[in-house]
Amino acid sequence: MITKNNTIKTKSLKLKHAFCAVFFLLFSSYLHGQESQVAINHQGKDFNMLKHAWNAQWITHPTASTMGYGVFNFRRSFNLEENPESFVVHLSADNRYQLYVNGTFVGRGPAIGDISHWRYETYDLADYLQKGNNSIAVEVINFGEFRHAKQQTFQTAFILQGDKSNPILIDTAKDSEWKVTKNAAYQTIPFVSDSVGGYYAAGPGDQVDGRLYPWGWQEPAFDDSQWEKPRLAMVEFAVGRGFLFGSTWYLVPRQIPFLTQTETRFKKVAQTDGVTIPSSFVTGQSPITVPANSTATILLDHENHTIGYPKLTVSQGKNTTIKVTYAEALFYKSSHEFSAHGGWKKGPRNSLENQEIRGYYDIFQADGGEKRIFQPQAMRTFRYVSLDITTGDEPLVIEDYHNIYVTYPFEEKATFKSDDPALNAIWDAAWLTLKNSSTDQFEDPYYEQLQYIGDTRIESLVSIFVSGDDRLMRKAIRQFDDSRMPNGLTQSRYPSYINQVIPTYSLLWIGMIHDYMSYRNDPEFVRQFLPGIKSVLGWFENKVDRTGMLANLEWWNFTDWSAGFQNGIPVGADDGHSANVSLQYVLALQKSAAIFNELGLEAQAKMYGDQASAMINATMQNCYDEERKLIAERPEKDVFSQHTNIFAILTDAVAATDQPALLERLLAEKDLIQSTIYFRFYLTRAMQKAQAADLYTESLQPWKDMLDRGMTTFGETDVDPRSECHGWSASPCFDFIHTVAGIQSTAPGFQKVRIAPSFGHLTKIEAAFPHPNGTLAVSFSKNKKGKVKGTITLPAGITGDFEWGDQTITLKSGVNNL
């Protein structure tokens, strides 16, 4: 994106749709926020047919390929007799758009979706318009063959429809006054996994020739007389979901808020070569000049992990080439081999010694003009950025370089404090990890930008416990339901145009639905997923053989990146009888039974409960090792893991009275396959269930180690992580509230609470949590004799119990003094 920096302004509005002019009369109706509530009166023989249609039509470039890479600029100029009070538009594009009004950046989209749920956004442009000449300018990019794996696509296209009350018709259509040009300045830079140091699916880089760029094209005065008239895209008309005939994009409204934009700055110039830079450059106060016919390298350190759209402003320097490389961390110069976890070897994050930058990059070629602005077309992720500059016959002036931090608008409403400063530091880094993994979906921001179920379940819990905002969680649950295949399973990550299946993640999706039921009083939202739950469990039911266990499982049954699990798959999952996956199935059956029972479907709940009991019996009979008093990975009883025994606790495969001893063994016996930082979330659940949650604070060493290495967010794995920021490792933000402060739900919708703090080595705990009914706050102190005092404040209408040792105290709404 090449643009001015401006703040996004949007308004929440009801949408009025009108009929396609060729096929329908002009009627309108309101969209009230639910896709199923749009009703359009079809003009035809049967007036009872209620379907969706738009007045506007999809348009595209008249001659350029609509399938390959390309950047396309659309413009619509018009005059207004006066400033309008309201000017509502609804728009979308394939793949992505950026919207400008009178030269001002307004927003980007659409929110990520799939072809069957293609998002559009609604804006009120009144504050950007003026009396007289105006322009709406939209840049549309198709990332082409090397697009982000999350990006589904049909063809390059753009649609915009104005509200009926607008003073002028600006809809895109066959005979509209819109104009278009293909931006010749852009080429794509494809990246593959070997070129960035790990599996990569996050799209190409930009190569932009400023000498070919139509500078000022967003402004009202720009001369677009040589631009072309768009043609209609290869679709008869624009429709929403449920339309009478087949179509391409099924348009549905954006269901999450717009992302926030905040200017952030690099903290220091870490290293230079070929140019002298004052320290005040990073504050935006001191432009720098790179001499003509020279080369220079500038390494900038943001000092914390970040995401966004970095903004480079330059003047002069005609024919200068600037390569901008982005990296989460630096890499040892001597090591180009992949580590055990798929990434190049990284050193201490705050050191430059024997380290260099590697990663994906953009290239910008200056045209010599004044105050030229380069921003990438897609989100970039980094701590370090390198500018490699080669000037021509004219010196280059770098006016400024900083980041526009763009994330989902989570607010940090929860608080946690203790007498151990290390925990406070972990909280801050974990919350930054979650924020930097949250855009219009949960995702790993650098390497993949894909929404995986295993990651998303933990990220969702962190987000609702810290912010109270469940909208991204709801969107994710829906999207995983949308991903279900004919065999009944969900895809492992979605949206994506690359089909990947992890059956165990389908089970975790059921866990997500149960989580939502536990923390939100919204039974109708849960009810819509019952068919999906049945289809997932049905696939597993068909895999039960004569032993009573799951056998010969297909696809990628990933569980954890542990040494001992080849490709993350438990022993026996592919070609034998896996106790691990069998017990994961049991846990999903038990969660499903609770869901169906809560919704009044007792017979189905009982069936799932009976299936769970039968699977437990078969697994224990085949895999329990009496001598070691552990559950083995398979009937051969030759391999053991923490994971399987964690599931034995969580499913009550082992009696509650025996669970503390089993937990002690799985923690003590080091020949067991060990849990990585991801699976420690489930280890903590087992600690809680086995009445050993006081061990949690002592289990945080991997997070402390990452901070000691200079990391500012937490990685995909705790040793040699490929990804420096992975949302599943943000789990301490959940567990500091849920486990340490002990704030837990004991009834659907969080209508009753259990407060059971687990101090570990701590003596003081303070926490506040955004319960749906209001703030829930606790403050505790523990003396040397193990006695606790403090206060618990419950929101209105909420009751519960406080548990400490053998004591249980009934809690009422309001302030409770202990």
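Values below: all heavy atoms of this structure, side chains included; hydrogens, waters and symmetry mates excluded.
If you look at Phe222 and Trp227, their ring centroids are closer than 6.0 Å.
Partners of Thr407 according to the side chain to side chain contact (heavy atoms under 4.5 Å, CB included) rule, which considers only residues two or more places apart in sequence or in another chain, are Thr260, Ile307, Tyr405. Partners of Asn183 according to the side chain to side chain contact (heavy atoms under 4.5 Å, CB included) rule, which considers only residues two or more places apart in sequence or in another chain, are Val71, Asn73, Glu139, Ala185, Tyr186, Tyr213, Pro214.
Using bins of under 30°, 30° to 60° and over 60° for the plane-to-plane angle, the ring pair Phe331/Trp344 lands in the perpendicular bin. Classified by interplanar angle (parallel below 30°, tilted 30° to 60°, perpendicular above 60°), the ring pair Phe734/Phe465 is perpendicular.
Lys267 NZ: more than 12 foreign heavy atoms inside a 6.0 Å radius. Within a 6.0 Å radius of CG in Asp393, no more than 12 heavy atoms belonging to other residues, nucleotides or ligands are found. Around the CD atom of Gln701, the shell of radius 6.0 Å holds more than 12 heavy atoms that belong to other residues, nucleotides or ligands. Gln130 CD: more than 12 foreign heavy atoms inside a 6.0 Å radius.
When all heavy atoms of Ser315 and Lys371 are compared, the pair lying nearest together is OG-N, 2.9 Å. The two residues Glu724 and His305 come nearest to each other via the heavy atoms CB-CD2, 4.3 Å. Nearest heavy atoms, Phe146 versus Pro204: O-CD, 3.1 Å.
The pair Glu121-Arg254 counts as a salt bridge, with a side-chain nitrogen and a carboxylate oxygen less than 4.0 angstrom apart.
The ring pair (Phe, Tyr, Trp, His ring centres under 6.0 Å) contacts involving residues 415-440 comprise Phe416-Phe736, where partners must be two or more places apart or lie in separate chains.
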